[in-house]
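We name chains A, B, ... by the order of the sequence lines, and we start the count at 1 in each one. This is a predicted model, so every value here is computed, not measured.
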2 protein chains.
Amino acid sequence: MGEKSKVVSIDGIKVACANCSLATLCLPYGLESQDVERLENIVKRNKPIQRGQLLYGPGDHFRSLYVVKTGAVKTFTQTPAGDEHVIGFHLPGEILGLDAIQDNQHGCFAKALETTAVCELPFEKLEHLATAIPGLQHQMLRLLSREVSAEANMISLLNNSTAEERLASFLLSLSERFRRRGFSPTDFFLAMSRQDIGSYLGLALETVSRLFTRFQEQGILEVDRKHVKIKDLEHLKQLLRHHTPCHASLNRSS
Amino acid sequence: MGEKSKVVSIDGIKVACANCSLATLCLPYGLESQDVERLENIVKRNKPIQRGQLLYGPGDHFRSLYVVKTGAVKTFTQTPAGDEHVIGFHLPGEILGLDAIQDNQHGCFAKALETTAVCELPFEKLEHLATAIPGLQHQMLRLLSREVSAEANMISLLNNSTAEERLASFLLSLSERFRRRGFSPTDFFLAMSRQDIGSYLGLALETVSRLFTRFQEQGILEVDRKHVKIKDLEHLKQLLRHHTPCHASLNRSS
DNA sequence: TTCCGTCTTTGACCCAGATCAAATGGAACT
DNA sequence: AGTTCCATTTGATCTGGGTCAAAGACGGAA
């Protein structure tokens, strides 16, 4: 049965990067297959964690990056008073812990929103491997850079958008992320609470709730608890046409 | 006189990374001196650009990262309607263009706020060098990670803070950055307009102006146009004690 | 020196969304 | 079925800061 080999087998299908449906979203993207093999030799696959369990917390020594394999994770900080500030939500294929490379310790909590499996990437080994595999180094830099861009977009959203635009943007982001993972882009379940969404978007949870109601009244959505159906994707997109930065500018003035 | 050597000489002092007062803030930090030398062989030092000139714009092909050597740069996007959204301000030793690694093109404008000299780091050469110098690879990852952390802080600030807290935080950030560069942390000139500050902090320029007035009335600052003197640093710090995330949490609940 | 354009300050008003409060509805128990 | 505990919805009210408007104040050009 080969149970002792480095990669676990289930029905003859290796649980390995090479066979992972998320590979194109993840670290192995663009690597030669023999390099992917070297990468998966350092990946640790622990048993799934349950809803509410922490992957790490602020102050924890940084040893590994984590990639969500199944499930969903939220990252957040906490004030001394005890209230949470949600930093982000992480779906399958998305990397956690990039902010900790900086000073070798985590700066926030990472908590499972549902039963979640993660791939653990011991960072020292990863870094060492990256010196030997230029493509891996490049991909790591790209992932970090993507995170920087994504956060810059978030900052722009928070700076320049109404509550309506923020929620529309959030839903469209989820929709697109589900689509790329092969799920329905118009029919999905929210892993997080209204409170979490509000905290993430800088809104009161009541505002989030009211907006869901309004979007439903306008025929944009059908909402039932955590279940969201997008009925009018175009309308949703239209809601944030206004404040999108202009990336198509070709002419230049001093 | 050795004018033809790779590094320009002025009064016998090389304009080179090894002698640069910003080295500890910049890419060479932590590298062996022979590695610093290899790094500075790929650095291009062009002539300074004038206030208002662009370093790059959205859509420009990404070739190089830039480090501000003297002066100040703002990065921003522009809506089709033509109004700017400031993303950040960059002081000497700070890196520009990290968000462009992702898709090989710049996503925003970078404009000099005053006469500015930058060091240009051709990215392909840098990446190639990083495979040969593990310390350089590590430092690059650290810099990217620091950017991620800094932006996460910004997001938290925008999500959870009042106008007063935002401006206090901005001034303290400038103060600290000047201090680390050997300038006075309590007496400096703002390179950017009230408009720019407002855009950066998600506030109307009028609000920024009113806050400067109020801080002055409260004896926290003395403000004269672009000139800022911090009279009561502690008071300023106190203004944002409340909403700071708790990084000292040691206990853990499920 | 005056003129002009831009940046900044100050005042008056208003609204999106926060806050407070209460009712409603599931889900997981016994 | 009933009870408890949350999460969510809905309503009523309030306010921080945006918007509009106008008046300085500086700096550069001629």
Practice problem: Taking salt bridge (charged side-chain N to carboxylate O under 4.0 Å, His left out) as the test, write out the residues that go with B:K229, two or more places apart. | Solution: none
Practice problem: Would you tell me if any nitrogen or oxygen in the side chain of A:K226 comes within less than 4.0 Å of OP1 or OP2 on D:dT8? | Solution: yes
Quiz prompt | Any residue of residues 206-213 of chain A with a heavy atom less than 4.0 Å from an atom of DNA chain C | solution = A:E206, A:T207, A:R210
Exercise. Could you list by number each residue of residues 188-201 of chain B showing a heavy-atom separation from DNA chain D of less than 4.0 Å, or answer none if no residue does?
Key: none
Quiz item: Do A:L172 and A:L240 come within less than 4.5 Å of each other through their side chains, counting heavy atoms only?
Solution: yes
Quiz item: Rounded to whole angstroms, how far apart are CG on A:L221 and C1' on D:dT8?
Solution: 16 Å
Practice problem: Mind calculating the distance between CD (B:Q50) and C1' (D:dG28) to the nearest angstrom? | Solution: 16 Å
Quiz prompt | Between D:dA7 (P) and A:L205 (CG): distance, integer Å | solution = 10 Å
Quiz item: Taking only residues two or more places apart in sequence, or in another chain, which ones meet A:T70 in a side chain to side chain donor-acceptor pair (under 3.5 Å)?
Solution: none
Quiz item: Crowded around A:F183 CZ? As in, over 12 foreign heavy atoms under 6.0 Å?
Solution: no
Quiz item: A:H106 vs A:Y56 aromatic rings, parallel, tilted or perpendicular, using cut-offs 30° and 60°?
Solution: parallel
Quiz item: Just wondering, do B:V86 and B:T75 contact through their side chains at under 4.5 Å, heavy atoms?
Solution: no
Quiz item: salt bridge (charged side-chain N to carboxylate O under 4.0 Å, His left out) with B:K44: which residues, sequence neighbours excluded?
Solution: B:E120
Quiz item: Does a side-chain N-to-carboxylate-O contact under 4.0 Å join A:E222 and A:K231?
Solution: yes
Quiz item: Can you list every side chain to side chain donor-acceptor pair (under 3.5 Å) pair that touches residues 166-184 of chain A, not counting sequence neighbours?
Solution: A:E94-A:R177, A:E94-A:R181, A:S173-A:R177, A:E176-A:R179, A:E176-A:R180, A:S184-A:T186
Quiz item: Which pairs with one or both residues in residues 74-84 of chain A pass salt bridge (Lys or Arg N to Asp or Glu O under 4.0 Å), sequence neighbours excluded?
Solution: A:K74-A:E84, A:K74-A:D196
Practice problem: Can you tell me which residue pairs pass the side chain to side chain donor-acceptor pair (under 3.5 Å) test with a partner in residues 202-218 of chain A, sequence neighbours excluded? | Solution: A:E164-A:R214
Quiz item: Within the structure shown, what part of the strands sits under 4.0 Å from B:A163 by heavy-atom distance: base, sugar-phosphate, or nothing?
Solution: sugar-phosphate
Practice problem: Check step by step if side chain to side chain contact (heavy atoms under 4.5 Å, CB included) holds for A:L55 and A:Y66. | Solution: CA-CA 9 Å; A:L55 211 51; A:Y66 299 91; 3.9 Å; yes
Quiz item: To 10°, what angle do the rotation axes through the five end pairs on each side of the helix from C:dT1-D:dA30 to C:dT30-D:dA1 form?
Solution: 40°
Self-check item: ring-ring contact (aromatic ring centres under 6.0 Å, His included) pairs, two or more places apart, involving residues 191-240 of chain A
Solution: A:F89-A:Y200, A:F170-A:Y200, A:F189-A:H227
Exercise. For DNA chain C, note the earliest and the latest nucleotide, 5' to 3', having some atom under 4.0 Å of a heavy atom belonging to chain B.
Key: C:dT8 to C:dA12
Can you tabulate the close N/O pairs, meaning under 3.5 Å, that link protein atoms to atoms of nucleotides 22-26 of chain D?
none

Quiz item: Between B:I49 and B:A112, which heavy-atom pair has the shortest distance, and what is it?
Solution: CD1-CB, 3.7 Å
Practice problem: Apply the test side chain to side chain contact (heavy atoms under 4.5 Å, CB included) to residues B:L158 and B:I155: give CA-CA distance (whole Å), side-chain angles for both, the deciding distance (0.1 Å), then the verdict. | Solution: CA-CA 5 Å; B:L158 294 174; B:I155 288 171; 5.7 Å; no
